[in-house]
Asks: 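If you scroll down you'll find the structure; I have some questions about it.
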There are 2 protein chains.
Amino acid sequence: MIRLRQLEVLCAVIDLGTTSGAAEALSVSQPAVSNMIRHIEDLVGFPLFKREKGRLTPTPEALHIAQEAQHLFSQQKRVDRIINQLRGGTVGQLNVIATPSIGYVLLPRLITEFTRTRPRVKLSIELGSVDDIIQQLISGRADLGFSITLPRHTALSVRPMASGNMVCAMPEDHELALSRRINVLDLNHVRHISYGFGTPLGQMIDEVYRKNGIERRYFCEVRHTSTALEMVSAGAGVALVDNFALLGVARRSIAVREIEPAMPVALHGVTSNLFPTSHVAMQFQEFVRDALNDPAALAEWGITADYS
Amino acid sequence: MIRLRQLEVLCAVIDLGTTSGAAEALSVSQPAVSNMIRHIEDLVGFPLFKREKGRLTPTPEALHIAQEAQHLFSQQKRVDRIINQLRGGTVGQLNVIATPSIGYVLLPRLITEFTRTRPRVKLSIELGSVDDIIQQLISGRADLGFSITLPRHTALSVRPMASGNMVCAMPEDHELALSRRINVLDLNHVRHISYGFGTPLGQMIDEVYRKNGIERRYFCEVRHTSTALEMVSAGAGVALVDNFALLGVARRSIAVREIEPAMPVALHGVTSNLFPTSHVAMQFQEFVRDALNDPAALAEWGITADYS
DNA sequence: ACAACAAATAATGTCAGGTTATTCGATATG
DNA sequence: CATATCGAATAACCTGACATTATTTGTTGT
């Protein structure tokens, strides 16, 4: 089977007309080319050049071969280009599934930033609960997940991305806005939005109430913090939300206050162990982590993490 | 620039699933493969396999590269084939693949005529279904295809060569021979040979039956019109065939009648866009078109298109 | 006759890609 | 549970394709 390199040399000699010319073009020595040509002729079994008066003129056979070889070269370049693109992460596909609190506003912006330098990446963003995230990842439909609640599943790898807190969001003119810091238990005294007992967030808050022997009471139950935040923004009431949900939202007359006891939360990046994680997916995960830990960068993209 | 061999090894490992398997397939040692994979990973700068539990699973990137590399391999094989043919002392080559109806009788005669003035052209004729034709063309093994069914494939160029009709062929002494023109639906009443539902021809005929709310019934199912014609000629029964299949066959006591509804068919010349079409191939294509549209020329070579 | 150029030859170096022998980790099995 | 099995990796070494430099040979224009 003829080698790629051999065809390369053959074509160079045909194109340039002389071995020395070809040698220069390929940046090798003239004898290297000369030997190679002879070697190929031995290999194929018929002359590729007519040698007369110290010159080489290609035979029709050689021309024919060279013609066909061009496609081989272009194919090789194509493969090489693809490898380069893969290296730079500018090609591939990236299916992300995330909890709405980050996926609703922040993630779309980050992805936009990320793909600004990677125009050929195919994307999809999906929102879902922890269970959805687990499902999509272990089934291979999603490459990367982001979750507040940390999914317990042996087939998943979880990496911490950023740490945050639950905070209290309310309409600007709300009575609670007068306090600098709000006790979680006090929410029982106002119309507020909270999370079902079945949700991880609901259980986390219930834990505090239970310790104090009080029953949690709220007028509206939602599943995701982003939904709660939307309602707060519409003036429906007060809600506890994670600070990630606040990143990037237009501050439409919402006031935000710290709570006590502090309820730390963390954002996790999740990948499946069942399938190899793609290069772009890893890159994007790092991109998100870096972005979340660099308020300056976020600010540059019109996302402020400041809610004092 | 990635080497051909490296891609070869990469693909082998992906296909076979293990380094040892790949090593065996390539007839080299297992460490050779192992080292090569590592070397490629260094070269491209990102992992191609996930190593866990002592096994290798390819990353999406590796799969992507392997996919692209396939074209390269087929190109290489093509060049190699061309060299082999040149070694055999031919200046040109012409590999034709055609549907049997034209390829069985007519094409051999046309090729004979064509090469009368071109002694150093190396030839091959192959018969096959539309799918075979598509496969051979896009893989570069055939230079030119002729098909009744027109192949839908983006990498193929199709040119109409001649138009024709389905006609009804039967033994001379058959009762139907008394009619001047035969209704397709009437075939249900006689022992006749037809085409499977999966074939384009079968679907085309079924369409007529379906419109009339009748189920097509036949005693023998074949794939190609030339086969059907052969059976008719042997006295097995009646069959619908395209008129191209009739061109050039010795009229061994076969009667031919027009049918209603008329079922027009066309013969197409097909070439691949993936490779440059050789000069001979284009010439031959034109030769065939001209011949088919010039009954005088055909008659001169002992081929008659007249079946009145 | 001789400079100028193109190709071929000779002697030698180097590295991609191969070898065998062996180890390591994971899994299957009596 | 000890052990056999299988796949991957590592180490040390070998080989040939393809490169090098130095030199010779043949052709051509002045």
Asks: Starting at the 5' end of DNA chain C and moving along, which residue's nearest nucleotide shows up first, A:R38 or A:R55?
Replies: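 With A:R38 and A:R55 compared, the 5'-side residue is A:R55.
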Asks: Are any of the side-chain heavy atoms of A:V105 and A:S226 separated by less than 4.5 Å?
Replies: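 Result no, sub-4.5 Å side-chain heavy-atom pair not found.
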Asks: Below 3.5 Å between N/O atoms, which protein atoms pair up with nucleotides 14-16 of chain D? Just atom names and distances, please.
Replies:
none

Asks: Rounded to the nearest angstrom, tell me the gap between atom CD1 in A:I37 and atom P in C:dA7.
Replies: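 Spelled out: CD1 on A:I37 to P on C:dA7 is 10 Å.
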Asks: How close or far is atom P of D:dA8 from atom CZ of B:R51, stated in whole angstroms?
Replies: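 Going from B:R51 (CZ) to D:dA8 (P), I get 10 Å.
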Asks: Do you see a donor-acceptor pair shorter than 3.5 Å between the side chains of A:N84 and A:R87?
Replies: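 Per modelled atom types, A:N84 and A:R87 side chains form a pair under 3.5 Å.
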Asks: Are any non-hydrogen side-chain atoms of A:Q76 and A:L4 less than 4.5 angstrom apart?
Replies: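 Touching, per the 4.5 Å side-chain cut-off.
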Asks: Going by number, which of residues 13-20 of chain A have a non-hydrogen atom under 4.0 Å from DNA chain C?
Replies: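 Within residues 13-20 of chain A, the residues near DNA chain C are A:T18, A:T19, A:S20.
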Asks: Decide if atom CZ of B:F49 counts as having more than 12 heavy atoms of other residues, nucleotides or ligands within a radius under 6.0 Å.
Replies: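 Above 12, so yes.
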Asks: Which side-chain hydrogen bond (donor to acceptor under 3.5 Å, both in side chains) pairs, counting each pair once, include a residue from residues 16-33 of chain B, with sequence neighbours left out?
Replies: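 Checked against side-chain hydrogen bond (donor to acceptor under 3.5 Å, both in side chains) - neighbours excluded - no pair reaches residues 16-33 of chain B.
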Asks: Are any of B:S34's side-chain N or O atoms less than 4.0 Å away from OP1 or OP2 of D:dA9?
Replies: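 Checking D:dA9 against B:S34, a side-chain N or O does come within under 4.0 Å of OP1 or OP2.
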Asks: Under 3.5 Å, which donor-acceptor pairs do the side chains of residues 5-15 of chain B form with other protein atoms, sequence neighbours left out?
Replies:
{"residue": "B:Q6", "atom": "OE1", "partner": "B:R3", "partner atom": "N", "Å": "2.8"}

Asks: At under 4.0 Å between heavy atoms, which parts of nucleotides 18-30 of chain D does protein reach? Answer with one letter per nucleotide, 5' to 3': B base, S sugar-phosphate only, - none.
Replies: SSBBB----SS--
Asks: Once salt bridge (Lys or Arg N to Asp or Glu O under 4.0 Å) is applied, what residue pairs with a partner in residues 58-76 of chain B remain, sequence neighbours excluded?
Replies: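 Every pair satisfying salt bridge (Lys or Arg N to Asp or Glu O under 4.0 Å) with a residue in residues 58-76 of chain B: A:R78-B:E68.
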Asks: Please state how far atom CG in B:L10 lies from atom P in C:dG17, giving the value in whole angstrom units.
Replies: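 Atom-to-atom, B:L10 to C:dG17, this comes out as 13 Å.
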Asks: In whole angstrom, give the distance that lies between atom CZ of B:F49 and atom P of D:dG7.
Replies: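 Result: 15 Å.
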Asks: Taking atom P of C:dA16 as reference, at what distance in whole Å does atom CD1 of B:I40 sit?
Replies: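 Roughly 13 Å, once rounded to whole Å.
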Asks: Give a yes-or-no answer on whether the side chains of A:D143 and A:S278 include a donor-acceptor pair shorter than 3.5 Å.
Replies: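 Per modelled atom types, A:D143 and A:S278 side chains form no pair under 3.5 Å.
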Asks: For B:R159, look at atom CZ and say whether over 12 heavy atoms of other residues, nucleotides or ligands are found less than 6.0 Å away.
Replies: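 Yes - once you tally the heavy atoms of other residues, nucleotides and ligands closer than 6.0 Å, there are more than 12.
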Asks: Salt bridge check, B:E41 against B:R38: does any charged N sit closer than 4.0 Å to a carboxylate O?
Replies: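 The answer is no: the pair does not qualify as a salt bridge.
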Asks: Inspect the surroundings of CD in A:Q70 and state if more than 12 heavy atoms from other residues, nucleotides or ligands are less than 6.0 Å away.
Replies: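 Atom CD in A:Q70 is packed in, count exceeds 12.
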